[in-house]
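Some notes on the structure that comes next.
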There are 2 protein chains.
Amino acid sequence: MNLKEFARQLGLSPTTVSRALNGYPEVNEATRERVMAAAKRLNYRPNSRAQRLATGRAMAIGHVIPIANKHEMVNPVFADFIAGAGETYSRNGYDMVLSVVPDNDEEAAYRELKARGTVDGVIVHGPRMDDPRVRLLTEIGLPFVVHGRASGSQTPYSWLDVNNRRAFRRATDFLLDLGHRRIALVNGLEFMDFAMRRRIGFTEAQEARGLTPAPELMSSAEMTEGRGHAMAASMLALPEPPTAFLVASMISGMGVRRAVEERGLRIGRDVSIIIHDDDLSYMKNGEDVPIYTATRSSVREAGRQAAEILLSLITDPSGEPQTRLLEAELIIGQSTGPVPAPART
Amino acid sequence: MNLKEFARQLGLSPTTVSRALNGYPEVNEATRERVMAAAKRLNYRPNSRAQRLATGRAMAIGHVIPIANKHEMVNPVFADFIAGAGETYSRNGYDMVLSVVPDNDEEAAYRELKARGTVDGVIVHGPRMDDPRVRLLTEIGLPFVVHGRASGSQTPYSWLDVNNRRAFRRATDFLLDLGHRRIALVNGLEFMDFAMRRRIGFTEAQEARGLTPAPELMSSAEMTEGRGHAMAASMLALPEPPTAFLVASMISGMGVRRAVEERGLRIGRDVSIIIHDDDLSYMKNGEDVPIYTATRSSVREAGRQAAEILLSLITDPSGEPQTRLLEAELIIGQSTGPVPAPART
DNA sequence: CCAGTTTTCCAAAGCGCTTTGAAGACTGCG
DNA sequence: CGCAGTCTTCAAAGCGCTTTGGAAAACTGG
C-alpha cells in the first residue's frame, strides 16, 4: 500500500495525508486523528526509501568497522557501545548502518558513505593519536563524533571520552596509598589514544610522589586474556616482581588473575589488581560485590551520549563541535589490599 | 554531483551513463570505459537513496537486537557474528542495518522493517524453542535466516546452526572416557534452543552408557562470569562434588575456573573443564596451546555463511528454505585430565 | 453581509535514479 | 543504392514520498 492508494481510501489528497502523518500544523486535528487511525488500521507506513529520497536525508548513522586482513579482533566493547547508541537512534527514528571493511579501505568507505548519501553522519571508533579520519571527515563534510579522542588533531572536532588519565591516576594513587611501590601497568596498545592517556595518568601519580615508574613494569599489548596472562606472567617472574597490577580491561584482568594464581599467589592479599571496567553487560564485574577493584565507566552510556551529540550536530549543522568528558568512578572490590609485608625473597 | 549533471559533462544521456555504470550489455565498450574513468575522476557515485527507490530494493539486511527493559545483556557473540555477516554484505554491496528495540516491541520492529521497505531480509538471532518470529516473518513475507534453530516450528524455514547436541555429546564422552562419573553441566538458559540441545547431548552420552545424570549437577543460567562462578561454587560445595564441568561458554568458564581455584583445586588435575568456544576474536582460547579443552565453532564463520544463505534467498525468492549444520571440533587443551583417584572425602 | 483573515486542503513539481520503448547510426547483402 | 538487421544511444515515464504555491472553505469583525 502506498500513499496515493491510502489517501484515496481516506478520500483525502496525498498532501494532506503526508502532512497529517508528519505532524504539520496546517491540518485539522480531527482529520489528523482520522488519518492516524486509518494508518494503524490499514497498517500503512510511508516507504522509507521514497521518504529518504524526497527529504534528502538518510535518517541513518554509519559505524565503520575496520577488519584487518586476517584475524583482527572485533573490539569487545563494540557490542555494548552499539547497543547504547542504537537506543538513541531508535528513539529518534534513525537507523544504524554498520560497514565492515578491510582496514586499508577505511578511507574509501567513508568517502562512499558520503558520496552516496547513505548516512547523515558517523561515529568514529578506536581513535589513534593524530587519527587521519578526523581530517578526512572534516574535509568531506560528513558530520561525526569520535568515541575517544584523537590527540594531535589540528582541527577542532566533536568527541566523547572517558577521563582515562584521571581514572588511572586515581587508581595508581589508591595503590600507592595502600603502600604498593612495585606497581605494574598492563596496558592496551599505546598507539591507541586511550591507552596513551592511561599511561600518562599512571606515570603522573608516581612522579607526583617523587617515584619513578620502573620500565620493566610497564607493558602494552592487545587487551585479550592471553596477552594479559603473558604480560603478567613475565613480570611476576622478575627478581623484584610487582605487588600490584593496573590492568586495562576486564578481559586482560582475567589473564592477569590466571598468571597470579598459577604462581600460587592470592589476589587481594599477595597481589592487588585494579582493572578498568567498561561495565559491559555480558562481563559484569560481580553481581553485588565487585570482584575487582576498578575504574568504571559504562561504555553503553557512552554510546547513548555520543549518539545524542551526533544527532544534535546533524540537526543543527551550524553549531560548534561538541565535546564531553565522562569521569570514571573508582569502585573498591576484593582484588586489592595493603602491600604484603616484604617477607618474600 | 548527480547523474544528470555527470551525464551532461560526458555529453551522454543519463540513460546511457546509468547503463554503463551498471554493466548492461547494450552500451559500447569504449563508451563504458570512458564513463567509468570519468566517474572515478570526478568521484561520481550514484545516490543510494534514489537508487533504492528506483530499483525497489533496499540493498540492506536487518538485524534486530532486542534489549530488555532494564539491563538485559547484549549477546557477547553478537559482535563476532556481525563482523562475519558484515564481510559478506560488503562484498555483495549490501548494507547492514541494526535495530535496537525494547524486547516487547520486537514484533513491531519486524513489521515496520517490512512495511517501510527498509531492508530486503533479516537474520534472526538467539532463537527460542518454538520461536514466534519464524511464523511472523513467514507470514509477512520478509526473507530471513535463523542463526540457530527454533525447534517446534511448524513451517519450514532457513537456518544455520552448530550441531550443539553432537558437540556436547562428544565432549561428555571424552570426559567419560577419562573416567569421570560426576560430570556437571553449566548450561546457558534452557529456553534457548541451543542450550536445550546441548543438554540433550550431555544426557544422551551418559544414558548411552547406562548412567543417569545427577540432577543436582545440571544447572542453567545466563552465560556470565558471575553466574558461572555461582553455579560451579554451589556444586563444588556438594557432598559429592563433580570432578568435571561441561560449560556453555568461555565466559562462564572463567567463572567456573575462579570457583575451582577458590577451593584450592587445580584445573586439569583435580577438576576438568570443557567449554564451548565460539572462537571470538577478543576471547581466544589461548594463542597456540588451548587453555581449555573445548568444543569449538567459529561464530564469525557462522555469520559469513548465514549472510550468504540470506542473500541467495533474496536473489532467488522462489527457492526452498536452506539449512546448514556446522560441526564443532573437539580441541584438547590443558583443562582436562583423568579423573583423580578417589582420595578425597 | 462582505472584505479580510485564518484554516484546511489540494495539484503539481520535484528528489536522483532505473527502465521501457523508440529512434538514430551502422552493418552487410542483394 | 536501399533495406533488413544489429548496435548504440536517448526521451520520458515512473519509483513513493515531500513540499511549494495556491485555491477553496470556514471564520472573523465591523
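Convention: sequence-line order gives letters A, B, ...; per-chain numbering from 1.
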Selection: residues 53-62 of chain B, any non-hydrogen atom under 4.0 Å of DNA chain D |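 DNA chain D contact set from residues 53-62 of chain B: L53(B), A54(B).
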Close residues, residues 6-13 of chain B, relative to DNA chain D [heavy-atom separation under 4.0 Å] =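 The stretch gives G11(B), L12(B), S13(B) as the residues lying under 4.0 Å from the strand, ordered by number.
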Quick one: is [N] close enough that its OP1 or OP2 comes under 4.0 Å of any side-chain N or O from [X]?
X: N28(A); N: dT8(C); answer: yes
X: Y24(A); N: dT19(D); answer: yes
X: T15(B); N: dT18(C); answer: no
X: N2(B); N: dC15(C); answer: no

R135(B) side chain to Q154(B) side chain, donor-acceptor N/O pair below 3.5 angstrom =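 Per modelled atom types, R135(B) and Q154(B) side chains form no pair under 3.5 Å.
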Would you mind telling me which of D193(B), D130(B), D131(B) makes a side chain to side chain donor-acceptor pair (under 3.5 Å) with S151(B)?
-> D193(B)
Please give, in whole Å, the distance from dT18(C) P to K4(B) NZ?
-> 15 Å
Take atom CZ of R19(A) and atom P of dC10(C), then tell me their distance rounded to the nearest Å.
-> 11 Å
Five-pair end axes of the helix from dC1(C)-dG30(D) to dG30(C)-dC1(D) and the angle they enclose, rounded to 10° = 50°
Are any of the side-chain nitrogens in R300(A) or E87(A) under 4.0 Å away from the carboxylate oxygens of its partner?
-> yes
